[in-house]
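These notes are about the structure you will find just below.
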Amino acid sequence: MSRKTWIIGNVFIGVGSIISFLYILFGLFWSHPQLMPWYLGLVILIFVTFNYFAIKQHKLIVWGAALLIMFASALTAYLFHGIFVLNVLRF
């Protein structure tokens, strides 16, 4: 897998985890909060599985970079949600 595909995959995992939590699954977790650990476990499983096959050199620094990319994209998606959907920040 190329480096570009690896970065895009981690961005999609981060953004997808936030979007699915906010829009698709929020009602489910609101009514059944005991499912939250299952959701987090599923996101971690997807992250580990994707990166296990995508990373050629299994080094801690590469896994850390993947985690940083995922968290940064998730935070960006959450920030955009706050700006555009909730209108929390006004520019």
Side-chain angles (χ1 to χ4, degrees):
M1 219 178 271
S2 71
R3 178 175 241 181
K4 185 177 178 181
T5 305
W6 173 71
I7 291 172
I8 290 171
N10 281 300
V11 167
F12 281 156
I13 291 170
V15 171
S17 66
I18 293 297
I19 290 173
S20 65
F21 178 71
L22 289 175
Y23 297 107
I24 299 169
L25 299 174
F26 187 78
L28 180 66
F29 291 132
W30 189 262
S31 59
H32 303 289
Q34 72 274 12
L35 294 176
M36 185 56 122
W38 289 98
Y39 172 74
L40 294 174
L42 180 64
V43 170
I44 291 169
L45 179 68
I46 291 169
F47 172 78
V48 169
T49 304
F50 173 77
N51 284 301
Y52 180 78
F53 292 108
I55 296 174
K56 291 179 176 54
Q57 296 176 337
H58 293 280
K59 294 183 179 179
L60 188 60
I61 190 96
V62 179
W63 280 91
L67 193 61
L68 184 65
I69 291 169
M70 186 190 77
F71 280 148
S73 61
L75 182 64
T76 304
Y78 193 69
L79 180 67
F80 282 141
H81 171 76
I83 292 171
F84 295 115
V85 177
L86 299 177
N87 292 321
V88 172
L89 304 173
R90 305 221 186 243
F91 293 107

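FYI, the numbering just counts along the sequence from 1. Keep in mind the model is a prediction, meaning the values are calculated, not measured.
Here the closest heavy-atom approach between residue Pro37 and residue Pro33 is recorded as CD-O, 4.3 Å. Across Trp6 and Ala54, no two heavy atoms sit closer than the pair CD1-CB, 3.6 Å. In terms of heavy atoms, Tyr52 sits closest to His58 at O-CE1, 3.1 Å.
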Please test Val15 against Val11 for side chain to side chain contact (heavy atoms under 4.5 Å, CB included), starting from the C-alpha separation and ending with a verdict.
CA-CA 6 Å; Val15 171; Val11 167; 4.2 Å; yes
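Criterion: ILVMFWY side-chain heavy atoms under 4.5 Å apart, direct or through other members. Under it, Leu79 and Leu75 are not part of a common hydrophobic cluster. Tracing side-chain contacts under 4.5 Å through hydrophobic residues (I, L, V, M, F, W, Y), one never reaches Met70 starting from Leu60; they form parts of separate clusters. Cluster annotation: Ile8 and Leu68 are assigned to distinct hydrophobic clusters (Ile/Leu/Val/Met/Phe/Trp/Tyr, side-chain heavy-atom contacts under 4.5 Å, transitive). Cluster membership for Ile18 and Phe12, using ILVMFWY side-chain heavy atoms within less than 4.5 angstrom, is not shared.
Atom CD1 of Ile44 is separated from atom CG of Leu67 by 9.0 Å, given to the nearest 0.5 angstrom. Atom CG of Leu35 and atom CG of Leu42 lie 11.5 Å apart (nearest 0.5 Å). Atom CZ of Phe53 is separated from atom OG1 of Thr49 by 7.0 Å, given to the nearest 0.5 angstrom. In this structure, Phe71 CZ and Phe47 CZ are separated by 7.5 Å, a value rounded to the nearest 0.5 Å. Ser73 contributes atom OG, which lies 11.5 Å from atom CD1 of Ile7 (distance to the nearest 0.5 angstrom).
For Leu45, the CG atom sits in a packed shell: over 12 heavy atoms of surrounding residues, nucleotides or ligands are nearer than 6.0 Å.
Among residues at least two apart or in separate chains, side-chain hydrogen bond (donor to acceptor under 3.5 Å, both in side chains) pairs with a member in residues 7-18 are Asn10-Asn51.
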